[in-house]
> 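Handing you a structure now.
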Amino acid sequence: MILQPSALLCLSSLWGVIVQAASPRNKQKPSQGQFPVTQNATAVEGGTINLTCRVDQNDNTSLQWSNPAQQTLYFDDKKALRDNRIELVRASWHELSISISDVSLSDEGQYTCSLFTMPVKTSKAFLTVLGVPENPHITGFTSPIMEGEIIHLTCKSSGSKPAADIRWFKNDQEIAGGRKIQEQDSNGKTFTVISFLDLQGDRKDDGAVIRCRVDHESLNSTPQIAKQVLEIHYTPTVRILPSTPLPQEGQPLILTCESKGKPLPEPVLWTKDGGELPDPERMTVNGRELTISFLNKTDNGTYRCEATNSIGQSSAEYVLIINDPNALPGPVATDHALIGGIVAVVVFVTLCSIILLGRYLARHKGTYLTNEAKGAEDAPDADTAIINAEGSQVNAEEKKEYFI
């Protein structure tokens with residue numbers, strides 16, 4: 001006759017009680033220090049966990065572990081439940097330790113360690129099982145993205161317990177503003193988390209890496225990441241770089257048209273003053289470079305570089321003014337300008353002085369008597385002249401002369 005596991009469990013428990021009852025030690029008053037001690041435990045789904053029950057003072061009393069369904073797992077060192085995942089770690093009068101491998105969500109619950117004294121003493125240990133989130137994946141991504149276009153990204157991860165946390169990153173910088181929701185899975189224990197992100201195409205983000213990062217306590221500080229590389233298409237930007245800042249007559253000149261865009265604009269178009277290049281023998285185009293082998297005054301004008309790709313068109317202009325190599329160098333010309341400025345200041349001050357002097361004299365004009373009017377011409381000496389002058393005031397009005 002083959003006994004069922006439940007029958008074996010009952011027989012094992014009964015045998016333990018009988019043995020303890022028949023033992024001479026158990027006829028004595030049990031020790032007050034005989035208490036089993038356990039601790040709660042947390043396991044990651046698919047991992048291994050140890051459950052330990054200790055008794056500091058034990059007079060050879062049996063220990064037993066049972067699962068949340070009250071099925072005996074181990075009675076001392078005897079295995080009671082046929083589950084290959086459950087193994088004995090240590091069995092003694094003071095300790096009973098077992099391990100559970102390949103832990104599943106169904107293993108979660110309250111485990112009981114029993115010490116078969118009279119009465120039986122127990123200690124509970126709650127096993128928490130963490131559900132590992134699945135690898136996230138990003139949907140809604142299109143490539144390439146046109147500059148200014150808005151795309152709607154979704155990142156999703158299922159199977160986490162408790163619910164995982166989802167964050168968005170652009171390169172190494174976190175992106176704020178993502179909307180999140182969580183839903184309970186069909187098993188009633190794990191969760192699916194979803195995060196939404198709206199992203200607008202910008203040329204500076206071309207080549208940037210968008211990451212959806214899932215953090216969870218079951219991942220041991222190693223988050224799960226899904227990523228996408230942005231490819232942004234945009235119209236070209238153009239600028240012209242001369243080979244020398246001061247082009248001189250008789251020397252060569254190279255104008256480089258630096259164009260950036262995606263797709264890359266190729267080739268570029270060079271024009272002068274709104275038309276074709278006037279002298280193909282001296283003006284040659286090689287890729288993005290316009291080379292003028294020998295400059296002369298007729299080359300003065302506005303040169304235009306135009307770049308086009310499938311998104312749009314852009315251009316830049318360069319005004320060429322050829323300098324005479326025989327002209328005075330910059331420092332001398334500067335000295336002449338300084339001298340001219342000083343001369344202008346001196347002239348201005350002189351004119352101002354003349355104007356002020358004239359206005360002064362105009363305000364101080366008056367009448368003055370000549371020697372004739374004063375009577376000093378016929379006087380033999382100064383005293384006589386003074387006397388004559390005082391006596392001649394009446395006739396002086398007729399001899400006034402005006403000085404302005």
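In what follows, residues are counted from 1 in the order of the sequence shown.
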> Side-chain contact, heavy-atom cut-off 4.5 Å: Ser310 with Pro263?
yes

> For His94 and Asn58, does a side-chain donor sit closer than 3.5 Å to a side-chain acceptor?
no

> Does His233 reach the main-chain N or O of Pro144 with its side chain, forming a donor-acceptor pair under 3.5 Å?
no

> Could you check whether atom CD of Glu276 has more than 12 heavy atoms from other residues, nucleotides or ligands sitting under 6.0 Å from it?
no

> In Å, rounded to the nearest 0.5 Å, how long is the span from OH of Tyr111 to OG of Ser66?
10.0 Å

> Determine whether more than 12 heavy atoms belonging to other residues, nucleotides or ligands lie under 6.0 Å from atom CG of Leu351.
yes

> Do Ile150 and Leu199 touch side chain to side chain, with heavy atoms closer than 4.5 Å?
no

> Measuring from atom OG1 of Thr302 to atom CD of Glu317, what distance do you get when rounded to the nearest 0.5 angstrom?
6.0 Å

> What heavy-atom pair brings Pro278 and Lys272 nearest, and what distance separates the two atoms?
CD-CD, 3.7 Å

> Does a salt bridge link Lys161 with Glu108, judged by any charged N lying under 4.0 Å from a carboxylate O?
yes

> Are the side chain of Asn323 and the backbone N or O of Pro247 linked by a donor-acceptor pair below 3.5 Å?
yes

> Counting only heavy atoms not in Asn286, do more than 12 fall under 6.0 Å of its CG?
no

> When you compare the side chain of Ile151 with that of Leu153, does any pair of heavy atoms fall below 4.5 Å?
yes

> Can you give me the closest heavy-atom contact between Pro136 and Ala226, atom names plus distance?
O-CB, 3.4 Å

> If every non-hydrogen atom of Gly275 is compared with every non-hydrogen atom of Thr271, which pair is closest and at what distance?
O-CB, 3.1 Å

> So, Ser157 side chain and Glu134 main chain: donor-acceptor pair closer than 3.5 Å or not?
yes

> Ignoring hydrogens and angles, tell me if any N or O in the side chain of Thr128 forms a donor-acceptor pair with the backbone of Thr42 under 3.5 Å.
no

> Measure the CD1-SG distance between Ile354 and Cys352 for me, rounded to the nearest 0.5 Å.
9.5 Å

> Are Ile232 and Asp202 close enough that some pair of their side-chain heavy atoms sits under 4.5 Å apart?
no

> How long is the straight-line distance from OG1 of Thr190 back to CG of Asp185, given to the nearest 0.5 Å?
3.5 Å

> Got a donor-acceptor contact below 3.5 angstrom from the Asn40 side chain to the Ala125 backbone?
no

> Hey, which of Val132, Val103, Val129 is the one that makes side chain to side chain contact (heavy atoms under 4.5 Å, CB included) with Val44?
Val132

> Can you tell me if Asn300 uses its side chain to pair, donor with acceptor, with the backbone of Ile322 under 3.5 Å?
yes

> Step by step, work out the salt bridge (Lys or Arg N to Asp or Glu O under 4.0 Å) result for Arg203 and Asp205.
CA-CA 5 Å; Arg203 65 181 62 197; Asp205 292 332; over 6 Å; no

> Should the pair Asp165-Lys180 be classified as a salt bridge under the 4.0 Å nitrogen-to-oxygen rule?
yes

> Mark yes or no for whether Asn67, through its side chain, and Gln70, through its backbone, hold a donor-acceptor pair below 3.5 Å.
yes

> Counting only heavy atoms not in Gln110 (residues, nucleotides, ligands), do more than 12 fall under 6.0 Å from its CD?
yes

> Given the rule in the side-chain contact (heavy atoms from CB on, under 4.5 Å) test, do Thr139 and Phe141 qualify, once you have shown the distances and angles that lead to the verdict?
CA-CA 6 Å; Thr139 58; Phe141 185 84; over 6 Å; no

> Quick one: do Arg85 and Asp107 make a salt bridge, cutoff under 4.0 Å?
yes

> Would you compute the distance between atom CZ of Phe116 and atom CG of Asp76 and round it to the nearest 0.5 angstrom?
9.0 Å

> Verify side-chain contact (heavy atoms from CB on, under 4.5 Å) between Leu115 and Phe35, making sure each step is shown before the conclusion.
CA-CA 7 Å; Leu115 176 66; Phe35 291 98; 6.0 Å; no

> Please step through side-chain contact (heavy atoms from CB on, under 4.5 Å) for the pair Glu95 and Val55, ending with a clear verdict.
CA-CA 6 Å; Glu95 179 182 331; Val55 180; over 6 Å; no

> State whether a side-chain donor-acceptor pair under 3.5 Å links Ser195 with Trp168.
yes

> In Å, rounded to the nearest 0.5 Å, how long is the span from CZ of Arg211 to CD of Gln228?
12.0 Å

> Is it true that Thr48 and Ser101 share a donor-acceptor pair across their side chains at a distance under 3.5 Å?
no

> Can you check side chain to side chain donor-acceptor pair (under 3.5 Å) on Glu183 and Thr192, steps first, answer last?
CA-CA 5 Å; Glu183 302 170 345; Thr192 294; 5.5 Å; no

> By the definition side chain to side chain donor-acceptor pair (under 3.5 Å), identify the one residue from Thr117, Asp59, Asp56 that meets it with Gln34.
Asp59

> Are any of the side-chain nitrogens in Arg282 or Asp279 under 4.0 Å away from the carboxylate oxygens of its partner?
yes

> Do Ser99 and Glu87 have a side chain donor and acceptor closer than 3.5 Å?
no

> So which heavy atom on Arg239 is nearest to which on Ala316, and how close?
CA-CB, 3.9 Å

> Minimum heavy-atom separation for Pro223 and Leu219, please, with both atom names.
CA-CD1, 4.1 Å

> What pair of heavy atoms forms the shortest contact from Asp324 to Lys297, and how long is it?
N-NZ, 4.1 Å

> Would one find more than 12 heavy atoms of other residues, nucleotides or ligands at under 6.0 Å from atom NZ of Lys156?
no

> Which one of Val285, Leu269, Val268, Leu241 satisfies the side chain to side chain contact (heavy atoms under 4.5 Å, CB included) criterion with Cys257?
Val268

> Do the non-hydrogen side-chain atoms of Tyr318 and Leu320 ever get within less than 4.5 Å of each other?
yes

> Apply side-chain contact (heavy atoms from CB on, under 4.5 Å) to residues Thr38 and Trp65 and explain how you reach the verdict.
CA-CA 11 Å; Thr38 59; Trp65 269 113; 3.6 Å; yes

> Treating Asp273 as the side-chain partner and Gly301 as the backbone partner, does any N or O pair qualify as donor plus acceptor under 3.5 Å?
no

> Going by heavy atoms in the side chains, are Tyr303 and Leu290 under 4.5 Å from each other?
yes

> Assess whether salt bridge (Lys or Arg N to Asp or Glu O under 4.0 Å) is satisfied between Glu258 and Arg288, documenting all intermediate values.
CA-CA 7 Å; Glu258 186 181 85; Arg288 290 178 172 79; over 6 Å; no

> Under the 3.5 angstrom rule, does the side chain of Asn220 hit a backbone N or O of Thr222 as a donor-acceptor pair?
no

> Below 4.5 Å, heavy atoms only, C-beta onward: do Ser123 and Thr112 meet side chain to side chain?
no

> For the side chain of Gln39 and the backbone of Thr52, is there at least one donor-acceptor N/O pair under 3.5 Å apart?
no

> I'd like to check Pro162 versus Glu217 (side-chain heavy atoms, cut-off strictly below 4.5 Å). Are they in contact?
yes

> Please determine if Lys79 forms a cation-pi arrangement with Tyr74, meaning its NZ or CZ atom is less than 6.0 Å from the six-membered ring centre and no more than 45° off the ring axis.
no

